Amino acid sequence: MPEGWDVLALHLGLVVCAAAAVQVSGWQALEVSLPLVALVAALFGLLLARSAIVDALAHLVALVAGIIFASLIVAVPHPELGARLPSRVKSLIQLEWHWYLGHPILETNQRLLMSVLMAAMVWLVTYLAAWTLFRRGWVFASLLIPGFLLLINLGYAPRAHTWPLIAYLILGGTLAARFHLVARQRDWSRLRIPSPDSFASRFFTIGIVVAILATSIGWAAPSPTVQRVLEPLLSRVQQPIDAIQQKSDDLWSNATGTNGTGTVEAGSYSSFANAFSIGGPLKLSDQPALLLKAPAAEYLAAQHYDVYSGHGWSTDVESTFNPDGPDGRTYSPEMTFAPGQRVLLSSEVNQQRAEIDGTIVVLTPTGKIMLSPELYRSSSQPASVRMSWRQLKDERFSLADDELGQLPPDLQRIARLVRHADFGSDVVNGLPQALDVSDQDEINAELAQLRQRFLDVRYDIDANGMATDLVVSGQLPVYDDVEIVFSRQPLGVGSTYEYTALASTASPDQLRNAGTDYPGYVERRYLQLPTTITPRTTQLAHSLTASTDTPFDAAMAIQDYLRSHITYNENVPVPPKDQDVVDYVLFDNPQGYCEYYATSMVVMLRALGIPARLVAGYYPGTLDPQQGGYLYRQKNAHAWVEVFFPGYGWILFEPTASRPDLAYGDQPGQSAEQAATPPVKLTPPTGQQATPPGNLAIAGTPPASLPGVVTTPDEGGGSGGNLLLAGLIVAVALLAGGIATAFWFLPLRDLSPIDAVFARLLRFGRFAGVPASGATTPHEFAESLGDRIPSTRAPAMKIVDVYEVNRYGDQRADGRLVALAAQEWHRLRGQALKVIFRRRRRRAKGK
Amino acid sequence: MGALKVIVLIVVLVVVASVYQWPALHPIIYSLVAFLLLAFLWSRVSVKGLAVERGLASDRVQVGQSATERITIVNRGFLPKLWVEARDFSSLPGHRISRVVHLGAHGRAPWTRSTVCWQRGRFRMGPLALSSGDPFGIFNVRQTVPIAHELIVFPAIIDVSGVPLPAVNLQGGRTRQRLTSVATPAIAGLREYTPGDPLNHISWNATARLGRMMVKEFDPDPTSDVWIVLDLDADYQYAATGRSESPQPGDPIQWLRSTEDYGVTIAASLAQRCINEGREVGLIVSRGQSIRMMPDRVERQWLRVLETLATASAFGSKPLAVTLTEEASRFSKQTGVIIITASTAADWTRSAASLAQRQVPLTVVVLNPASFDPQAPPSAATISSLLAQRVHVYPVDYGQDLSTPLPRLGLARSA
């Protein structure tokens, strides 16, 4: 080990530290030992760096080896993937390939995929760090690469710890000092300058002492100083930086998935991902997240979850939707809305609700997620609203007058058209034709529009020529079942949007009388329970609600029980993997934080047949008079419960003991909203060309639109995200290549042809291990090169001759000589590269 | 790891921390700033309070001998120096006295280096550059200690006993054509003292006898003076191709690579031999700007010759024939001439023949260019031409062991 074993140990410590930081940061889906991956990758990188292999090939080998090793280490403890290890690895690689192509990944496989990707990322980072250090001797880059991983982890991990960062800085400082000595000793050795043997231990000791000192200073210094000092400067450059940040957020959100938070499972509810695991200590910072300008602080919802697995939450909204459109394109279960356009809510959810408005200023971006209280209605930004869908197969809808208002919004226009038309005996394409040609033209146009939205609609008429029923096949969005809202524009620091939402004003009595006539989608999605639910959990739910008659009272009873029997504690251990979390928290370790409370309440309510769901968002912030609004910090991230009451929709419950209890019905009286159920409205997605604007307008409503979002990069579909990621990688590679090329050619730009040839010769000398020092004459350099590679002596001497004539002679070297020198350079380069390659290979074999 | 990189990193982190309102970055930024400041302060004090003592055992050595130098770095401060690189920029080839040292508080780091001198010349010892910096390589500082002294390396002396010095037969009874200014055993007469005469030429006996100051006049030594004509015409110098291995102590001839070195070494050796034999030696270096040293027999003449030859190098173009013509008036039957040349030009052989015809005792040491450089012309024609003129010729080939008597070609000129 030419650099010294202590250098290797420091480097290994550094990369293992970075990997350990990721490991312990609450990425719950991880099923792999990242420090082990880092250790193997660093040694692999060291071996490759020591070999004679050329750079590009080495990186390719490392990439392939990384994917295989990451798959291997994840596959070992998973016999369900295959009988033999190779078949397991193959399955995982196929899974990765499916993910790369943008195919949907089952939830069970997402954990595996997450583990493989994290392991591969750690492998790549560690390999690059080892390569840059041991092949190139670039200690700064070698420190920066794992440092970048640490910073990313610090910024995005659910529960990032500080100790890896401190360890990294101390190890990094020590490595920098120790490797500085290595570089110096190389120079001294080349110049034959003797140095004491004791230097290694001295540099090691001094390095670690100074590193500890500097790190201590760093952690002891007051935090706001930087901000205060740079405030005037930053205020000037804030706008362009914001623009850049918005772009990067946009890229990042696209690259990580369709929802801006990543399609894979994140570690904590506070990341608002489409899935999370329960458990582990909660570490939320005081960092400002947003500012709400509204009459009152509200619970701001981000993501709703319906599927409980026994250890975490996710959503199955994708399963309600058929993504394959008849036009061959893939869609996601989202509807797009223009600014101000409202999501249409039916009478099943909007009774006793008042419209509330507010303005949110983003202080820490959370992808493109838009927040709003309770039932989202509209926003000032173009929005994509993810919701569940209803699949139809020749479903019949009555056109009786009293049922017309109950029709799904998307069918109301065609229903009105056929209801008001008189039909004759003519039939075209199986459809009766209206007597009035203009009526028939309108009907045909509307039917064509609906077909473009994948709804095949027919109608039946009675003997009087009056339409009686619509027969529909296809899929319809359930506007009442909104899961999450995304902005269609980047949301960076300082971005502002307004929302309109519907807050419940239903009184306890009204909720008690709501009944249990739940819509089909509610029963399908919000009553499901896993098999991990224990009988004693169900028994407890029943015993707690034995004396109650209504779902509302049952919910209140369970809420009260949880608030009084579970101790609020953010530093709880991770629940055992083989035990249901609710069972664990109710009976074995009755302590936890919001997600424990909320999960327990939802599970117990569902066990009683009461639809409930878990909501992740922020609890109300505190008033900040200076900023003129309510300041929400990261520590306001919260999970709570919503219970469905027919007619009143989702009602918020707060089972977490650390939060104040909620009051109901404090805004008595019906809202204007409730007086008459508003018509459902849809608008075309931004940039959606399939729907001509204005041609599908239902009287008094904005035009309707196609469902879903196509999977083009602009629309942020899954494979689009992957393509973007691939594009990003290609762009970075091209950028790196461009910079390298510029570094190679730019210094030669202003040189005369012979000077350029000589400069190339000098570069080649460095590559061949014969660097030219300031005291070396051109001929001495050529001789040294000739000593190292005899075949280069003659051409090098000729080049140097011409160079010296040109540089030091009375006249410039003529074109013939310069051409001769250039010719000699090409001859030299070809021969010498062969020799160098052969020697390195021989040396590698010798080793 | 340069300071610029660290500063750029800090700036980037500050911008990110501010834009994203990311307070977790603040300790990292402070730590990096602390690293930077500590490194800067460290580097500033790392060469403060250093002093260098430097001395040579002798400032004059000969090729083949060792020059011994001692350097001591003294830390006059109370802060230790982690590393100090003392890089020497002496012009003496192979003098590797550079060293890296660690210095404790008020510590000293002395070391000595003996270097075998294998190249004649005048060499500067120094300057010495002291470099140091922080432990991380972020900041470097450098301090230069100027040139301390010079070292003169004289040419090597080899055994040239095989070359008989030109024989001069001074016939008695004849008036000397000239007097000599130096004291010889042969007193030619007395004359009155004139101001400027050396005091050691005063004949005190004659002065006492005659009552006025009388000085002695001397005849030249019977063995007479010898002129050594060294041809350093740049047009006729050749060097052995290829790079020599590191010189090893031993026979100095192994370090000679060129006709120039051979010529100088043979000239120095012949000069020493002449002086040892009590003969006056004059030196003419034929080149673009010729050097002429009038004959003298004293020890200091040999030192002067050595000093001249130590730095003599081929410079400019001046044909040997021109020099011989210019200096012909100095050569006579009583003056021996030794020509050392690698020239293969025909014209100087005619000049030499002319001298031979004037019965000037002449010996020519011919360095064979072809033995140094295969591309160079051989000296065979020159030798043949000289032999035809009955001139004593001693051919020398590259690599020839000069400690053995040189072979003599041609017939001895009859007395």
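Convention: sequence-line order gives letters A, B, ...; per-chain numbering from 1. Computed from heavy atoms alone, side chains included, the values below leave out hydrogens, waters and symmetry copies. Since we're looking at a predicted model, the values are computed, not measured.
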Discussion item. What I'd like to find out is whether the side chain of B:K5 reaches to under 4.5 Å of the side chain of A:F140, using heavy atoms alone.
Written reply: yes
Discussion item. Heavy-atom cut-off 4.5 Å, strictly under: side chain, backbone, both or neither for A:F179 against chain B?
Written reply: neither
Worksheet, complete the sentence: Bottom line for A:A183: the part with an atom under 4.5 Å from chain B's heavy atoms is neither
Worksheet item: Given a strict heavy-atom distance threshold of 4.5 Å, which part of B:W111 is in contact with chain A: side chain, backbone, both, or neither?
Response: neither
Worksheet item: Contact part of A:L175 toward chain B, heavy-atom cut-off under 4.5 Å: side chain, backbone, both or neither?
Response: neither
Fill in: Option that, when pairs with chain B are counted at under 4.5 Å, heavy atom only, ranks first among A:A177, A:G147, A:A141, A:S216
A:A177
Item to complete: Evaluate the side-chain proximity of B:L82 to A:F199: yes if any heavy-atom separation is below 4.5 Å, no if none is.
Response: no
Worksheet item: Do the side chains of B:W83 and A:W188 get nearer than 4.5 Å, heavy atoms only?
Response: yes
Worksheet item: Does any heavy atom of chain B fall under 4.5 Å from the side chain of A:R184, the backbone, both, or neither of them?
Response: side chain
Discussion item. With a strict 4.5 Å heavy-atom criterion, list every residue of residues 93-100 of chain B that contacts chain A, or say none.
Written reply: B:R96, B:S98, B:R99, B:V100
Discussion item. Within the 4.5 Å heavy-atom criterion, are A:L151 and B:I28 side-chain neighbours or not?
Written reply: yes
Worksheet item: Which residue out of A:S195, A:P194, A:G173, A:P196 racks up the most heavy-atom pairs below 4.5 Å with chain B?
Response: A:P194
Discussion item. Let's test your reading of the structure: which of B:G2, B:A34, B:S31 forms the most heavy-atom pairs below 4.5 Å with chain A?
Written reply: B:S31
Worksheet entry | Region of A:L154 that comes under 4.5 Å of a non-hydrogen atom in chain B | both
Worksheet entry | Part of A:L165 lying under 4.5 Å from any heavy atom of chain B | side chain
